[in-house]
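Throughout, protein chains are lettered first and strands after them, A, B, ... in sequence-line order, and every chain is numbered starting at 1.
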Number of protein chains: 2
Amino acid sequence: MSAIAEPNRLNIIELLHDGPCTVGEIAEQLRLRQPQVSKHLRVLCEARLVEVHPMANRRIYKLHVQGLKEIDSWIDSFRHLWEDRLDQLEDYLKELQRKEKGE
Amino acid sequence: MSAIAEPNRLNIIELLHDGPCTVGEIAEQLRLRQPQVSKHLRVLCEARLVEVHPMANRRIYKLHVQGLKEIDSWIDSFRHLWEDRLDQLEDYLKELQRKEKGE
DNA sequence: AAGGAATATTCTTATAAAGGAATATTTAAA
DNA sequence: TTTAAATATTCCTTTATAAGAATATTCCTT
């Protein structure tokens with residue numbers, strides 16, 4: 001999850017959404033230096049959000065749907081939990097208000 | 001957003017869900033030291049996720065619904081954006097597959 | 001007014017993540 | 001086989017964040 005928290009990595013993912021890219025292309029588009037791009041790609045790879053396809057001299061990176069879907073469902077469940085708690089909290093506050101009026 | 005990324009702070013929010021607490025109570029429940037609790041509460045306060053009500057010697061902390069709702073809707077919109085992109089990506093991949101078969 | 005809780009703040013230290021520069025590695029091309 | 005391009009890796013420095021310890025502040029109690 002922290003993999004996509006980093007702004008540059010999120011940018012990389014957004015860029016890859018338009019299609020596969022080489023490291024150099026990513027570096028150029030995002031105005032980053034090649035070593036940093038490689039580092040970020042490594043993190044994204046280990047998080048299974050991206051996959052590599054070596055093509056001769058170059059390495060083509062593209063999005064890895066499976067991993068992205070897992071992130072998505074994680075966010076979804078996190079949000080549901082969160083929402084339930086908010087609802088409960090609102091009920092609780094309303095209850096307090098009701099009691100105050102009653103006195 | 002980074003306010004709730006920190007585990008201890010998330011714990012504090014979860015604890016406060018059961019009702020308002022003083023700093024000492026939070027420290028005791030979560031087995032934390034008082035200064036750290038105060039620091040975390042400060043961050044949560046500045047993020048408007050929590051509010052203080054000084055009661056004599058003590059300070060009662062409770063959840064701040066408005067701020068929590070903002071976080072919730074942020075997560076929601078983030079996820080929607082994310083999901084749309086995943087859908088587009090799937091379409092894209094299916095298109096690729098179709099082309100491959102066609103050849 | 002003095003002492004003692006409860007809480008906040010300050011200062012220092014520890015740690016993790018990110019960028020920069022240089023270097024290593026792999027592979028194509030000559 | 002040597003050279004150059006593309007990429008990865010290593011080492012160092014910087015920065016942000018959290019914890020620890022000590023101290024300051026606030027307010028009640030006596």
Side-chain angles (χ1 to χ4, degrees), chain A residues 1-64 67-68 71 74-75 78, chain B residues 1-64 67-68 71 74-75 78:
Chain A
M1 183 59 189
S2 61
I4 60 170
E6 215 282 327
N8 288 320
R9 285 198 288 264
L10 191 54
N11 288 338
I12 290 178
I13 288 185
E14 290 184 357
L15 178 59
L16 287 182
H17 176 258
D18 296 334
C21 276
T22 73
V23 177
E25 285 166 349
I26 296 173
E28 188 189 357
Q29 299 275 337
L30 301 184
R31 311 279 176 162
L32 296 175
R33 300 176 192 274
Q34 177 266 317
Q36 332 307 346
V37 174
S38 284
K39 290 174 196 171
H40 286 312
L41 285 171
R42 179 182 177 140
V43 174
L44 290 173
C45 250
E46 287 170 350
R48 306 289 170 192
L49 300 178
V50 143
E51 55 190 31
V52 212
H53 296 276
M55 289 287 285
N57 212 2
R58 328 197 158 174
R59 314 189 101 218
I60 316 284
Y61 283 88
K62 55 191 291 191
L63 295 183
H64 182 59
L68 291 172
I71 291 271
W74 186 91
I75 294 178
F78 179 81
Chain B
M1 185 58 188
S2 61
I4 60 171
E6 213 285 326
N8 287 321
R9 286 197 288 263
L10 192 54
N11 289 337
I12 290 179
I13 288 185
E14 289 184 357
L15 178 60
L16 287 181
H17 176 258
D18 296 333
C21 275
T22 73
V23 177
E25 286 169 348
I26 296 172
E28 187 190 358
Q29 298 274 338
L30 302 184
R31 311 278 174 165
L32 295 175
R33 301 177 192 271
Q34 176 267 316
Q36 333 307 346
V37 173
S38 285
K39 289 174 197 170
H40 286 311
L41 285 171
R42 179 185 178 138
V43 175
L44 290 173
C45 249
E46 286 169 351
R48 307 289 169 192
L49 299 178
V50 142
E51 54 189 31
V52 212
H53 296 276
M55 290 286 286
N57 213 2
R58 327 196 158 176
R59 313 189 101 218
I60 315 284
Y61 282 88
K62 55 192 291 190
L63 296 182
H64 183 59
L68 292 172
I71 291 272
W74 186 89
I75 294 177
F78 179 81

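- The residue A:Thr22 sits close only to the backbone: its heavy atoms come under 4.0 Å of sugar-phosphate atoms, none of a base.
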Run B:Glu6 and B:Ser2 through side-chain hydrogen bond (donor to acceptor under 3.5 Å, both in side chains) and show every step you take.
CA-CA 7 Å; B:Glu6 213 285 326; B:Ser2 61; over 6 Å; no
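- The shortest distance between the side-chain N/O atoms of B:His40 and the OP1/OP2 oxygens of D:dA19 is below 4.0 Å.
- Proximity of A:Tyr61 to the phosphate of D:dA8: a side-chain N or O atom is located under 4.0 Å from OP1 or OP2.
- Considering all non-hydrogen atoms of both residues, A:Val23 and A:Gln34 come closest at CG1-CG, 4.1 Å.
- Taking atom CZ of B:Arg33 as the reference point, atom C1' of C:dT7 lies 16 Å away to the nearest angstrom.
- Taking atom CG of residue B:Leu10 and atom C1' of nucleotide D:dA18, one finds them 16 Å apart after rounding to whole Å.
- Contact check, A:Gln34 against D:dA6: no side-chain N or O comes under 4.0 Å of OP1 or OP2.
- You'll find that the side chain of A:Pro35 is closest to D:dT9, out of D:dT9, D:dA19, C:dG19.
- Look at CD1 on A:Ile4: it is 13 Å from P on C:dA18, rounded to the nearest Å.
- Contact check for A:Val37 versus A:Leu30: no side-chain heavy atoms found under the 4.5 Å cut-off.
- Residue B:Leu30 contributes atom CG, which lies 11 Å from atom P of D:dA19 at whole-angstrom precision.
- Close to C:dA8, at under 4.0 Å from its OP1 or OP2, lies no side-chain N or O of B:Arg42.
- What you find for B:Ile26 and B:Leu15 is that their closest heavy atoms are CA-CD2, 3.9 Å.
- Nucleotide D:dT9 holds its C1' atom 14 Å from the CG atom of A:Leu41, rounded to whole Å.
- In this structure, A:Ala3 and A:Arg9 approach most closely via the heavy-atom pair O-NE, 2.6 Å.
- Pairing for D:dC27 is with C:dG4, a Watson-Crick or G-U wobble pair whose two hydrogen-bonding atom distances lie under 3.5 Å.
- Rounded to whole angstrom, the span from the CD atom of A:Glu25 across to the C1' atom of D:dA6 amounts to 12 Å.
- Sorted by residue number, the members of residues 44-59 of chain A with any non-hydrogen atom under 4.0 Å from DNA chain D read A:Asn57, A:Arg58, A:Arg59.
- A donor and an acceptor atom, one from each side chain of B:Arg48 and B:His64, are nowhere located under 3.5 Å apart.
- Between A:Val52 and A:Cys45 the shortest heavy-atom distance is CG2-SG, 3.4 Å.
- At whole-Å resolution of the value, CG in B:Asn8 and C1' in D:dA18 are 9 Å apart.
- Of the candidates C:dA21, D:dA19, D:dT7, D:dA19 carries the atom nearest the B:Lys39 side chain, counting heavy atoms from C-beta on.
- If you take CD of A:Gln36 and P of D:dC11, they are 16 Å apart, rounded to a whole angstrom.
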